[in-house]
Amino acid sequence: MNTIVPHTIAVVGAGMAGLSCAHALAQAGHAVHVFDKSRGPSGRMSTRCAEDAHGPWQCDHGAQYFTARDPAFRAEVARWQQAGVAALWDARLASFDGSTWTTPTTPVERFVGTPRMTSPAAWQAQNLGVGAQAQWQTTVQRLDRTEAGWAITSAEHGLHSQRYGAVLLAVPAPQAAPLLAPVAPAGAALAASARMRGSWAVMLRYAAPVHMAWDGAFINTGPLRWVARDSSKPGRTGAETWLLHASPEWSDAHIEDSAESVTAVLVAAFAALGGPAPLAATAHRWRYADTEPALTLGSWWDAPLRLGVCGDWLHGGKVEGAWLSGRALAAQVVPG
């Protein structure tokens, strides 16, 4: 097969890793096409915006906040803050072990997107650069290497006419593995080695502010792992909303349960902590929420194939890891 000269690069996945990678590539002068199966960017930095009988509401139901320790990522977060799409969340936090409440003593800066968690991703997608474009509601199902470059087949559009000089996957490991298996067994094996865990999230709505002794709590007993007053985050307006995250262990054990039964269990667990009954509740199932343990490769790149993978599951987990993984992969695609 002839060597393919790098030209337009396809990035599959518009979460933090994919957008970070696409932005770095566009800055390096490459034309970049970003594909995502959703209606817009953000991945697990997700916010539900909806309206029900009680009116409009929003609630972050994926990543709840992020930290910034790496200097490059701190600089990126500073840009988001300057653009008005991120801010510090000065939350009152607590932990509960089943019998005793404690308050964290180590100060940690926690950031959130403003006015919702999707905002940094939306800002990045709008500022990818002249040579970049995004295509939403496109579920990539197959990759084929041809003489003219990589071909992409999606569920919605069949075989795409464009050929790509490289394909970079920025999707959860269980979604990357089947795409890689026919064309890059080593990459598929790496993805298969990552154990990603599920998470149930339940979003609660109230007619008035709910006053608790904390804005966010780590729950280390029972089905809950995290509870947060979403309305306490900066930039939030509208209806009072709270978020309940089940523990990974409970979520995996109940991943196929109905949304109604999950909601009943988690709302009851919140009530046991002193939480009032909500006006309404909506559950969301994340099949691939986090990786335990997360890998520490940074990214994966096969130079002869011009095929790569990035994601938080390759870089220690979390939002910062996702951003760093995307940058790491872009640096391999564009050496120097």
Side-chain angles (χ1 to χ4, degrees), residues 1 4 6-22 25 30-44 121 132-198 286-291 294-295 297-315 317 321-322 325-326 328-330 332-333:
M1 183 174 291
I4 298 172
H7 43 92
T8 305
I9 297 172
V11 176
V12 180
M16 186 53 58
L19 291 171
S20 168
C21 186
L25 291 168
H30 284 262
V32 183
H33 289 184
V34 179
F35 299 93
D36 198 278
K37 65 179 182 179
S38 300
R39 290 175 294 177
S42 76
R44 282 165 285 161
Q133 65 184 56
Q135 185 169 325
W136 312 119
Q137 296 181 302
T138 301
T139 309
V140 175
Q141 291 185 314
R142 181 182 174 89
L143 306 175
D144 290 286
R145 186 162 166 81
T146 74
E147 291 290 338
W150 282 102
I152 284 177
T153 300
S154 70
E156 295 82 0
H157 309 288
L159 179 64
H160 293 227
S161 59
Q162 175 80 47
R163 297 296 177 264
Y164 297 96
V167 172
L168 312 178
L169 303 180
V171 297
Q175 296 173 355
L179 289 172
L180 292 167
V183 292
L190 174 65
S193 74
R195 178 179 175 266
M196 296 201 74
R197 306 183 296 182
W286 295 99
R287 283 195 178 274
Y288 311 121
D290 69 355
T291 312
L295 305 183
L297 295 178
S299 61
W300 179 84
W301 170 242
D302 186 314
L305 285 179
R306 298 198 61 76
L307 184 65
V309 185
C310 61
D312 66 291
W313 58 273
L314 279 162
H315 207 302
S325 178
L329 180 56
Q332 290 177 285
V333 177

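The minimum heavy-atom distance between A188 and A177, with the atom names listed, is CB-O, 3.7 Å. Looking at every heavy atom in both residues, W300 comes nearest to A186 through CZ2-C, 4.4 Å. Scanning all heavy atoms of the two residues, the minimum distance from V34 to G13 falls at CG1-O, 4.1 Å. The minimum heavy-atom distance linking A184 with L305 is given by the pair CB-CD1, 3.9 Å. The nearest pair of heavy atoms linking S299 to S325 is CB-O, 3.9 Å.
Counting only residues at least two apart or on different chains, no salt bridge (Lys or Arg N to Asp or Glu O under 4.0 Å) pair has a member in residues 160-184. A salt bridge (Lys or Arg N to Asp or Glu O under 4.0 Å) check over residues 180-196, counting only residues at least two apart or in different chains, returns the pairs R195-D252. Each salt bridge (Lys or Arg N to Asp or Glu O under 4.0 Å) pair with one or both residues in residues 30-44, not counting sequence neighbours, appears once here: R44-D312.
Take A17 and apply the side-chain contact (heavy atoms from CB on, under 4.5 Å) test, not counting sequence neighbours, and it matches A170, C310, A322. When the side chain to side chain donor-acceptor pair (under 3.5 Å) test is applied to Q162, no partner is found at least two apart in sequence or on another chain. Applying the side-chain contact (heavy atoms from CB on, under 4.5 Å) rule to P174 yields the partners P172, M196, Y288; only residues at least two apart in sequence or on another chain are considered. Residues passing the side chain to side chain donor-acceptor pair (under 3.5 Å) test with E156, sequence neighbours excluded: T139. When the ring-ring contact (aromatic ring centres under 6.0 Å, His included) test is applied to W286, the partners found at least two apart in sequence or on another chain are H61, H284. The side chain to side chain donor-acceptor pair (under 3.5 Å) search around T291 returns none, not counting sequence neighbours. Applying the side-chain contact (heavy atoms from CB on, under 4.5 Å) criterion to A330, with sequence neighbours excluded, gives C21, A24, L25. With sequence neighbours excluded, the residues satisfying side-chain contact (heavy atoms from CB on, under 4.5 Å) with V183 are W150, L307. H33 meets the ring-ring contact (aromatic ring centres under 6.0 Å, His included) test with Y164; sequence neighbours excluded.
The OG1 atom of T153 sits 7.0 Å away from atom NE2 of H160, with the distance rounded to the nearest 0.5 Å. Put simply, CD1 on I152 and NE2 on H157 are 11.5 Å apart, with the number rounded to the nearest 0.5 Å. Here the CD atom belonging to Q137 is positioned 14.0 Å from the CZ atom belonging to F35, to the nearest 0.5 angstrom.
A donor-acceptor pair is defined here as one N or O able to donate and one able to accept, closer than 3.5 Å; such a pair exists between the side chain of T138 and the backbone of W136.
Between L190 and L295, some side-chain heavy-atom pair lies under the 4.5 Å cut-off. By the 4.5 Å heavy-atom criterion applied to side chains, L314 and L329 are not counted as neighbours. Two residues are said to be in side-chain contact when any heavy atoms from C-beta on lie closer than 4.5 Å; V171 and V140 fail this criterion. Side-chain contact check for V333 versus L168: some heavy-atom pair is nearer than 4.5 Å.
Within a 6.0 Å radius of CZ in R142, no more than 12 heavy atoms belonging to other residues, nucleotides or ligands are found.
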